[in-house]
Structure formats: structure tokens, C-alpha cells
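Remarks on the structure that follows.
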Amino acid sequence: QRSPLNDFQVLRGTELQHLLHAVGSRPWQEDVADAEECAGRCGPLLDCRAFHYNVSSHGCQLLPWTQHSPHTRLQRSRRCDLFQKKSYVRTCIMDNGVEYRGTVAITVGGLPCQRWSLRFPNDHKYTPTLRNGLEENFCRNPDRDPGGPWCYTTDPAVRFQSCGIKSCREAACLLCNGEDYRGSVDRTESGRECQRWDLQHPHPHPFEPSKFLEKNLDDNYCRNPDGSERPWCYTTDPQMEREFCDLPHCGSEAQPRHEATTLNCFRGKGEGYRGTVNTTAAGVPCQRWDAQHPHQHRFAPEKYACKDLRENFCRNPDGSEAPWCFTSRPGMRVAFCYQIRRCADDVRPEDCYHGAGELYRGSVSKTRKGVRCQRWSAETPHKPQFTPTSAPQAQLEENFCRNPDRDSHGPWCYTTDPGTPFDYCALRRCDNDQPPSILEPPDQVLFAECGKRVTRLDPRRSRLR
Amino acid sequence: VVGGQPGNSPWTVSLRNRQGQHFCGGSLVKEQWVLTAQQCFSSCNMPLMGYEVWLGTLFQNPQPGEPGLQRVPVAKMVCGPSGSQLVLLKLERPVTLNQRVALICLPPERYVVPPGTNCEIAGWGETKGTGDNTVLNMALLNVISNQECNGKHRGRVRESEMCTEGLLAPVGACEGDYGGPLACFTHDCWVLQGIIIPNRVCARPRWPAIFTRVSVFVDWIHKVMRL
């Protein structure tokens with residue numbers, strides 16, 4: 001059940017402009033149901049190399065060029081996705097490269113290729129046609145040479161030579177379990193074609209590319225989004241839901257991009273945690289990773305050499321939210337080890353303040369996460385509620401950390417990060433400064449009233465409790 | 001919740017990850033704002049695409065189309081002051097308040113819950129075999145003073161934290177409950193006094209449980225929602 005889209009590589013939110021021909025002159029076909037139908041129209045046409053799909057109007061525009069064609073340019077677009085035939089844009093070859101339509105034009109010996117339309121300096125029997133794609137002087141494989149795409153050379157002494165274009169399988173190797181694999185292999189180890197990640201047929205699945213941006217679930221290429229032992233994909237065979245891909249490991253000397261390992265706390269999702277905590281947050285001892293009892297599992301330590309699945313320590317071999325383990329309790333398969341502290345990821349404080357820092361007049365001007373502060377007199381990226389004129393007593397100068405609203409958590413600033421209006425600063429309370437205790441306050445804060453509440457919803461009266 | 005029983009807590013929300021799995025609790029403090037624990041998220045600026053808040057249901061895995069279920073994507077996350085262990089989540093749109101979804105009040109700034117106050121926790125987390133994992137569970141707990149609590153926790157409890165007494169039977173929050181509410185009934189109103197944070201062990205008998213004290217961070221909460 002392969003989709004016609006399997007032959008295409010998508011660039012979301014992108015339009016391909018042709019600097020000589022107005023792309024708009026190409027007709028739009030508005031009556032297509034979806035991108036798959038558009039692919040079904042473009043696929044069989046020899047002079048269709050790509051198409052625009054308008055996600056709002058469901059229109060499609062067939063194109064005889066790709067981003068590698070002369071005088072073309074990619075352009076951000078709100079309404080279009082650009083689908084290009086893989087054979088024209090993939091930089092590696094599948095099988096022996098008979099389908100290769102890329103633009104490499106140099107032989108493995110560094111000789112420029114002779115144009116296929118010329119018979120000089122090397123005469124030959126080929127006539128360029130749309131079908132054989134013998135275009136310009138690009139490397140091709142019209143005779144199914146096992147060595148892959150080749151060309152006649154411009155050197156009379158060397159009639160023809162291979163171009164040495166790598167197979168997609170060899171072009172990218174695996175580090176660790178291949179979570180970072182971003183290669184272009186779209187076949188499983190049994191040769192089945194992969195299902196596109198952005199399709200839910202023949203196999204529905206939770207890995208929607210837009211939800212897992214950092215996993216680059218592109219087109220139908222092999223990936224490892226769930227911490228499996230190596231990259232895999234859903235297959236176009238309805239009888240086989242998913243299957244591993246056959247990809248070479250990089251040499252042992254190529255060490256994986258290691259998260260900085262931590263011992264007494266965990267950073268991010270804890271994939272770099274290498275401490276020895278071996279009970280779950282619920283206090284249940286962990287099962288050893290090299291054991292299959294009471295829980296059978298696929299995380300054999302030897303298959304996850306980079307993940308340090310030693311003994312029964314909490315680990316995060318599959319990119320879960322936090323370090324976890326199989327538990328020694330038959331009724332509880334896995335559990336997080338949330339009791340491990342998170343490493344503080346604040347930057348080192350550069351100064352200190354007294355009280356709540358209302359009188360801090362230092363020049364620290366970055367937040368506790370290291371983001372530079374916005375100037376108090378600026379209006380972007382955040383429109384300030386406190387300005388040098390509206391709060392003269394606070395001396396809001398430059399972009400220095402201040403506390404114009406007597407925030408009990410210390411000096412703060414508007415940040416230059418558009419996504420974070422304000423944050424506290426890379427400051428700490430001075431050592432000799434003890435905050436007033438709230439536990440023995442001079443006057444007990446009595447609870448006058450709580451926030452607004454839709455009384456008819458009061459759970460007690462509604463008897464729903 | 002260990003040692004609890006099924007119950008209804010209309011301000012308790014379920015945080016769902018990109019696979020749609022429940023991974024933490026939260027409290028609805030405003031129609032578009034949920035307060036939860038920082039422990040639930042890998043960092044303050046992680047991509048939130050695909051993360052949702054589910055409300056209006058008692059089931060951990062409600063069937064699609066269940067009446068009252070509201071699923072709202074998380075739009076933004078704001079980390080609390082250092083040491084607060086809190087995170088505010090801004091939802092993509094306000095939720096609809098009704099019989100099943102209600103706001104919980106915030107306490108006054110720096111309010112200290114008197115020892116002996118009766119409070120409750122709620123969550124869809126681990127019950128350690130003591131209850132039904134598929135529905136929302138709740139448990140009643142009594143507040144104790146930080147002084148008494150520090151007796152057991154050897155002075156480690158900070159003023160920005162509060163404690164409930166350790167009962168003889170194991171009763172308390174556990175994994176999957178983090179971020180959920182410790183709500184106390186005060187002056188005819190349920191008030192969010194504490195946030196469930198990971199303790200070294202869940203529901204350890206005779207061992208006080210530690211929560212983040214919300215009243216110390218109420219000024220931050222109001223400021224974030226205002227700014």
C-alpha cells in the first residue's frame with residue numbers, strides 16, 4: 001500500500017520560485033483531494049519534477065524544475081508545501097542509482113563529465129531523452145552499471161569513469177542507537193518500503209512529525225524516535241507494522257554526541273544521568289537491566305552500549321521524560337525515578353542583593369538563565385509596565401536588573417527573549433542577609449476571602465464531591 | 001495517590017505528553033493558567049508541541065467523546081523563582097468552567113496554613129496497589145508545622161515548603177501525582193496551599209510529606225498572569 005508521496009521529499013511552508021519563468025504562470029489544479037492525489041498526477045509525468053501543494057485551497061501546481069535547477073530559489077511560504085521527486089534532490093543513491101537524477105558532474109577521479117548530448121571527445125551511443133534523464137553532463141547510470149552513476153569524461157584519455165556517489169546506506173552511519181540518524185534510507189532490512197511518517201496508513205501511529213520536530217521524522221526515512229535499539233520505520237506492507245533498517249554503525253572511535261553526564265542530579269530528560277539511584281520514586285527497587293524477570297524487555301545492555309544500563313540504576317535509554325527503570329514488582333512494569341534531583345540550570349550568580357533587592361543598584365543585566373535583559377526604556381520585544389519615568393525611585397537604568405515592584409523573589413528584568421516577558425536575574429541573596437521568616441510573622445496573615453468562585457459550582461453544594 | 005479513594009477534584013488537571021500519556025498533575029488557578037511542578041518538565045524552554053492539559057474527567061484514560069472532557073494544548077511554560085520547583089502553564093485557550101471544571105483559589109501572599117488544617121491531595125498517579133489506577137484518587141492529610149516536620153526531616157524543610165503529617169498507614173502522593181494540588185478547605189472555600197513535589201519516597205508511613213508552599217509564590221503567579 002505504498003503512497004505516491006513516497007517518491008517525494010517535502011519542504012513544509014516553502015515555495016520554489018523560478019527567476020526567469022513566473023511560477024504563477026504554471027496552472028493550478030484546484031480539484032485535488034490531497035497531496036497524495038497531486039503526487040499521483042506528478043509521479044508518472046517525466047517532465048514533472050516537483051509540485052506545490054496549497055494546504056488551504058487543496059490546490060496543486062506541477063513544476064518541471066527543482067531547487068537544484070538553474071535560476072530557481074526557495075522562498076518561505078504560508079500557504080504552500082513543496083514536494084520534489086527524491087530522485088532529483090537526494091544526494092545519495094539507492095540500489096545502483098539507475099533512478100539518480102542529481103547534479104553531480106565530476107568523476108571519482110576528479111574529471112569533469114562530458115555532456116551527454118556531445119559525441120566529443122568521447123563518442124557514445126546514448127541520446128538524451130526525458131525518460132533516460134541524460135541531462136547536461138550529470139552523472140547517470142543508463143546501463144545499470146553495478147558501480148553506480150558514471151559519465152564520459154572530458155579527458156580523451158579516460159573514456160568514462162564512475163562518479164563515486166555514495167549509496168544512501170553508506171552516506172550516513174549510526175552513532176549509539178541512531179537517535180541522531182538523519183540519512184535518506186527509506187527501506188527496511190527486508191527491503192520493504194517505509195511508510196511516510198506524515199501518513200496514518202497502512203499503519204496508524206502516534207509519531208506525527210509536527211509533534212516531534214526534534215526527531216526530524218522526514219518523509220518516509222528510517223528514524224529512531226522512541227529509543228529503539230536502531231532506526232526503524234512503519235512499512236507499506238499491511239502485514240508488517242514496523243521493521244528495523246539495515247544501517248552501518250560508525251567506527252567505534254566515533255563517539256556519540258554525549259549529553260554531559262551527571263551523577264547526583266539529572267539535566268533535561270536525564271539521558272546523561274549516570275548516577276547510582278536504583279529505586280523508583282515510589283521506593284520500589286529497580287529490576288536489573290540484564291534481567292528479564294519479572295519484566296521482559298528489549299533494553300539489553302549490550303544493545304544500548306551508550307546508555308550505561310548497568311546493574312539496576314535508573315536510566316533514560318529511550319528519551320522518556322526522566323530517568324526510569326523496570327521495577328522489581330510484577331504489578332508495576334516501569335516507573336520514573338523522579339526523586340533524583342534536577343540539576344539547577346541557572347547561570348552562576350554574578351552579584352548579591354539585600355532584602356528583596358529593591359535597593360540593588362548593580363549592573364548585572366542578565367537573567368538566571370543567561371538571557372540578556374531588555375533596556376527599561378525600550379518597548380520591544382516586551383512593552384514594559386515599569387519604565388524609568390513611571391518608576392523613578394527604582395532607578396531603572398540601562399538594562400540593569402532592578403526590583404521596581406518589590407517582587408519578593410528579588411531583582412528581575414524584561415528579557416530580550418520574545419517568549420519570556422520577564423525573569424529573575426543572575427543574582428543571589430547576600431550571605432549575611434536573612435529574609436524575614438514567614439513562619440513567625442509579626443502579624444499572621446488571616447484569610448479574609450479567597451478568589452472569585454462561581455458559587456453554583458461550589459463542589460460541596462453541588463453534591464458532586 | 002497511595003492509600004486514597006476515588007473522588008472528584010474539579011480543579012485537578014492531567015498533563016499529557018506527546019504520546020497522549022498522563023505524566024503529571026496540575027491545578028487550574030485561572031481559566032487559561034495551570035500551576036504544576038517543574039519536576040514534570042525537562043527544562044524551562046522545552047518544545048511544548050503536542051503537550052496538552054486534560055480536564056473535566058475522572059478517568060485517567062477517558063474514552064474519546066466522553067462528556068465533559070476538555071483537552072487543551074499547552075501554549076507556554078513559565079518557570080517559577082529559583083527553588084520554587086513551580087511552573088505556570090499558559091493554555092492555548094481558556095477552559096470552560098462547569099460542574100466538572102472549576103478554579104481553585106490562591107491563598108494570600110505569605111499565608112501560613114495553621115497546623116491541624118484538613119487538606120486533600122488528588123491525582124491519577126501511582127497507587128502502589130492500594131487503589132484504582134484508572135480513576136482520580138484523593139486522600140485527606142493534616143498539615144503540621146515546619147518545626148515539627150523538620151524534626152523528622154532534620155532541618156531540610158525550607159520556609160517555602162510545607163508538610164503534612166505522616167500517618168501510620170501509607171497514605172500520600174506518588175509518581176504521576178507530581179504537580180497536583182494540596183487543597184485545604186478554609187473559610188468556605190477550597191484553597192491551593194501546596195503543590196505535590198517528588199519526595200524521596202512515596203507515602204512513607206509515619207513520615208511527613210513535603211509540598212511547595214504556594215503562598216510564598218503567589219506574587220510571582222499574579223505577576224506572570226498580569227505580564
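In what follows, every chain begins at residue 1, and chains take the letters A, B, ... in the order their sequences are listed.
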- Item | cation_pi(K215(A), W197(A)) dist<6.0 Å, angle<=45 |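 No cation-pi geometry.
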Distance in Å, [X] [atom1] paired with [Y] [atom2], rounded so as to fall on 0.5 Å steps:
X       : Y       : atom1 : atom2 : value
C202(B) : K128(B) : SG    : NZ    : 6.0 Å
D218(A) : D198(A) : CG    : CG    : 9.5 Å
E126(B) : E175(B) : CD    : CD    : 7.0 Å

- Task: Mark yes when over 12 heavy atoms from residues, nucleotides or ligands other than R406(A) sit less than 6.0 Å from its CZ; otherwise mark no.
- Result: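 At most 12 heavy atoms, drawn from other residues, nucleotides or ligands, come within 6.0 Å of this atom.
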- Message: Looking at K76(B), I'd like to know if its NZ atom is crowded, meaning that more than 12 non-hydrogen atoms belonging to other residues, nucleotides or ligands lie closer than 6.0 Å.
- Response: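 Yes, the 6.0 Å shell around NZ holds more than 12 heavy atoms from other groups.
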Heavy-atom cut-off 4.5 Å, strictly under: side chain, backbone, both or neither for [X] against chain B?
X       : value
A322(A) : neither
D405(A) : side chain
F422(A) : side chain
P436(A) : both
S408(A) : both
R368(A) : side chain
F212(A) : both
E214(A) : side chain
K383(A) : neither
Y338(A) : both

[X], part contacting chain A, at a heavy-atom distance under 4.5 Å:
X       : answer
N199(B) : backbone
R204(B) : neither
V2(B)   : neither
Q39(B)  : both
V224(B) : both
Y178(B) : side chain

- chain A contacts, top residue of Q19(B), M49(B), K223(B) (heavy-atom pairs, under 4.5 Å):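 Ranked by heavy-atom pairs under 4.5 Å with chain A, first place is K223(B).
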- Query: chain A: which of G50(B), C174(B), S82(B) shares the most heavy-atom pairs with it under 4.5 Å?
  - Reply: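 Looking at each option in turn, the highest pair count goes to S82(B).
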- Do C343(A) and C265(A) have their SG atoms under 2.5 angstrom apart?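 Yes - the two cysteines, C343(A) and C265(A), have SG atoms within less than 2.5 Å of each other.
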- Task: Would you tell me whether C413(A) and C425(A) have their SG atoms within less than 2.5 Å of each other?
- Result: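 No, the SG atoms are not under 2.5 Å apart.
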Considering only heavy atoms and a distance below 4.5 Å, find which of [options] pairs most often with chain B.
options                   : result
P421(A), A335(A), A344(A) : A335(A)
G419(A), P206(A), G283(A) : G419(A)
R342(A), K369(A), H382(A) : R342(A)

- Query: Between the side chains of T280(A) and R329(A), does any donor sit under 3.5 Å from an acceptor?
  - Reply: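 Looking only at side-chain atoms, R329(A) and T280(A) do not form any donor-acceptor pair under 3.5 Å.
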- Query: Would you call E159(B) and V216(B) a side-chain contact if the rule is heavy atoms closer than 4.5 Å?
  - Reply: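 They are not in contact (no side-chain heavy atoms under 4.5 Å apart), so the answer is no.
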- Student check: side-chain heavy atoms of Q38(B) and V87(B) closer than 4.5 Å: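 They are in side-chain contact.
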- Pairing of D346(A) and R428(A) as salt bridge, 4.0 angstrom limit: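 No, no charged N to carboxylate O under 4.0 Å.
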- ring-ring contact (aromatic ring centres under 6.0 Å, His included) partners for H205(A), two or more places apart: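 ring-ring contact (aromatic ring centres under 6.0 Å, His included) check on H205(A) returns Y234(A).
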